[in-house]
Amino acid sequence: MTLLEELAWRGLIQDTTDREALGRRLAEGAVTLYCGFDPTADSLHVGHLLGVLTLARFQRAGHRPIALAGGATGMIGDPSGKSAERRLLSREELARNTAGIKAQLVRFLDFSPQGGALLLDNADWLGAMGLIEFLREVGKHFPLSAMLAKDAVRQRLGSEAGISFTEFSYQLLQAYDFLHLRRRHGCELQIGGSDQWGNITAGCELIRRTLGVPVHGLTFPLLTRADGSKFGKTEQGAVWLDAARTSPYRFHQFFLNVEDEKAGELLRRLTFLSRPEIEALEAEQAARPEGRPAQRALARELTRLVHGESALAAAEQAAQVLFGGALEGLPEAVFAEAIAEIPHHRLPRERLAGEGVPITELIVLSGLAPSKGQARRDIEGGGISLNNRRVGGAELRVTTEALLYGRYLLLRKGRRQHAALVAEG
């Protein structure tokens, strides 16, 4: 497959300015392309992976990507896909957010002299541009009727919130980014999510009017859930690429639990697995969906890509905590996350001192059995585990030596009933 054919198979093409012309240009040799990332937070989230990984796909095919941090455009706010005005960030917030995003981009693209990728910040040119210069060089090329016709603007104009002149002007700033990158770095292609189509075509038109040379735009569909809702959101908020915001364990669990009907799509769009590998996983998923092979591969590939091999190993070990997996070497923070959703009960630490507490009493305290007699029968039937080790007899007394990380006892009845006792005091 050509690069465009592969992108189409992976579901990464929604609109192009001229697909045949772009295909011919890509066949002629290396192309410089860019994708922008406005620093609205100090971390990228999973929705940004489409842009980052599409840049990486182009780089692997021999092209030169530019990752553009929007240090200047982030001060304005893109109205695309937004129903209300964004909160304007301070310069300090933007500087911190830009630094965080730049640190993440280097994980996915090769910025070495051999790799050739560029990491730029549009504050370097937009920040130095005066208003009169901007209006003369950029503003005069945009008829107001064309600006009003952009989807993002039209939708906001028809809403109760409306749109400010500040956000209305955003498309001009992004258009100038493309013009600057064309002049300075020979950039010929801008990529972005489908909500960026109006901004991208504005840049293509500005370059046509000022330089008289052809450039290209390509958008990919945004990630959505099976019900059409925004992908990458949970009850706790966005799923971030920063481990301090979303831990590798929770990141791994998010992809492990995607809907069956979305797993194959996400494997194509977000991983570098080959077509035969993905089609084999989809066939296995159809044959035994209860094993969730597609989700397991998806979670494994993305956790490794975003957080590294050691974080993946810890996340997979944590995922097995509630299914009898080994606890040795697992960091306490990861263990605590793994048991966060099961019932927790407090236990005075002093009760575990000396001879300790009978295991049957702890089972009742945990809610896994209604009485000591039932707890005894469950133990005799081989159905009770303490800290993922089967309890051999009802005469066991549990002391402080059994505490995991000096504070936890993990009890399990059968395979699916769990409880944690937390020693306090």
Side-chain angles (χ1 to χ4, degrees), residues 7-15 35 37-38 40-41 43-54 56-57 78-84 86 104 108 151-152 155 159 191-197 218-243 245-273 277-279 281-286 288-307 312 315-316 319 337 340-341:
L7 293 177
W9 173 78
R10 290 184 178 274
L12 292 172
I13 298 179
Q14 176 148 326
D15 292 302
C35 186
F37 305 92
D38 274 353
T40 53
S43 171
L44 301 173
H45 55 70
V46 297
H48 291 116
L49 280 175
L50 279 177
V52 177
L53 297 181
T54 302
R57 294 184 201 282
D78 185 359
S80 303
K82 299 296 179 183
S83 59
R86 294 176 186 262
Q104 291 176 335
F108 305 96
D151 286 343
Q155 291 169 8
S159 70
I191 66 170
S194 57
D195 59 346
Q196 293 297 305
W197 181 245
L218 180 152
T219 64
F220 36 79
L222 300 178
L223 291 174
T224 60
R225 289 190 174 277
D227 62 4
S229 62
K230 195 169 185 178
F231 184 83
K233 295 286 187 178
T234 69
E235 292 181 1
Q236 293 77 36
V239 178
W240 302 95
L241 306 193
D242 184 350
R245 281 177 168 261
T246 300
S247 71
Y249 169 74
R250 290 194 180 278
F251 184 90
H252 182 273
Q253 287 292 302
F254 176 80
F255 285 101
L256 192 62
N257 290 300
V258 299
E259 304 97 327
D260 287 352
E261 57 266 45
K262 297 293 289 186
E265 173 194 330
L266 295 174
L267 280 169
R268 291 190 294 276
R269 299 182 73 187
L270 295 178
T271 77
F272 291 100
L273 293 178
E277 289 172 318
I278 292 173
E279 290 177 343
L281 284 166
E282 289 178 315
E284 186 180 357
Q285 181 85 6
R288 55 177 200 91
E290 70 282 357
R292 304 172 71 79
Q295 286 97 329
R296 292 182 184 280
L298 178 67
R300 186 168 55 249
E301 291 296 319
L302 283 176
T303 306
R304 178 188 293 116
L305 181 66
V306 173
H307 294 293
L312 168 62
E316 290 187 323
E337 284 191 304
E341 304 303 322

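The backbone N or O of Trp240 lies less than 3.5 Å from a partner atom in the side chain of Thr246, making a donor-acceptor pair. Using modelled atom types, one side-chain atom of His48 and one backbone atom of His45 make a donor-acceptor pair closer than 3.5 Å. Distance alone, capped at 3.5 Å, is enough to place a donor-acceptor pair between the Thr271 side chain and the Leu267 backbone.
Distance check, rounded to the nearest 0.5 Å: OG1 of Thr54 to CZ of Arg10 gives 10.0 Å. Here CZ of Arg269 is found 4.5 Å from CG of Leu50. Values are rounded to the nearest 0.5 Å. To the nearest 0.5 Å, atoms SG (Cys35) and CZ (Phe220) are separated by 5.0 Å. Note that CG of Leu298 is 10.0 Å distant from CG of Leu281, once rounded to the nearest 0.5 Å. With rounding to the nearest 0.5 angstrom, the CD atom of Glu290 is 9.0 Å from the CD atom of Gln285. Going from atom CH2 of Trp197 over to atom CD of Gln14 covers 9.5 Å, rounded to the nearest 0.5 Å.
Here the closest heavy-atom approach between residue Phe251 and residue Leu241 is recorded as CE1-CD2, 4.0 Å. Residues Arg57 and Leu12 share a closest heavy-atom pair of NE-CD1, 3.5 Å. Ala299 approaches Leu256 most closely through the heavy-atom pair CB-N, 3.8 Å. Nearest heavy atom pair, residue Asp260 against residue Gln295, reads OD1-NE2, 2.7 Å. Taking every heavy atom of both residues into account, His252 and Leu312 meet most closely at CD2-CD1, 4.0 Å. Nearest heavy atoms, Gly51 versus Phe37: C-CZ, 4.1 Å.
By the salt bridge (Lys or Arg N to Asp or Glu O under 4.0 Å) test, Asp15 is found to be paired with no residue, residues two or more places apart in sequence or in another chain being considered. In this view, Arg245 and Asp42 satisfy the salt bridge (Lys or Arg N to Asp or Glu O under 4.0 Å) rule, not counting sequence neighbours. For the side-chain contact (heavy atoms from CB on, under 4.5 Å) test, residues two or more places apart in sequence or in another chain that qualify with Ala8 are Ile13, Arg19.
Side chains of Glu337 and Gln253: no donor on one and acceptor on the other come within 3.5 Å. Side-chain contact check for Gln104 and Ser43: at least one donor-acceptor pair (N or O, by modelled atom type) lies under 3.5 Å.
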| query | Could you go step by step and tell me if Leu53 and Phe272 meet the side chain to side chain contact (heavy atoms under 4.5 Å, CB included) rule? | reply | CA-CA 9 Å; Leu53 297 181; Phe272 291 100; 3.9 Å; yes
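Between Glu282 and Arg268 there is a salt bridge, since at least one side-chain N of the basic residue sits less than 4.0 Å from a carboxylate O of the acidic one. Using a 4.0 Å cut-off between a side-chain N of Lys or Arg and a carboxylate O of Asp or Glu, Lys262 and Glu265 qualify as a salt bridge.
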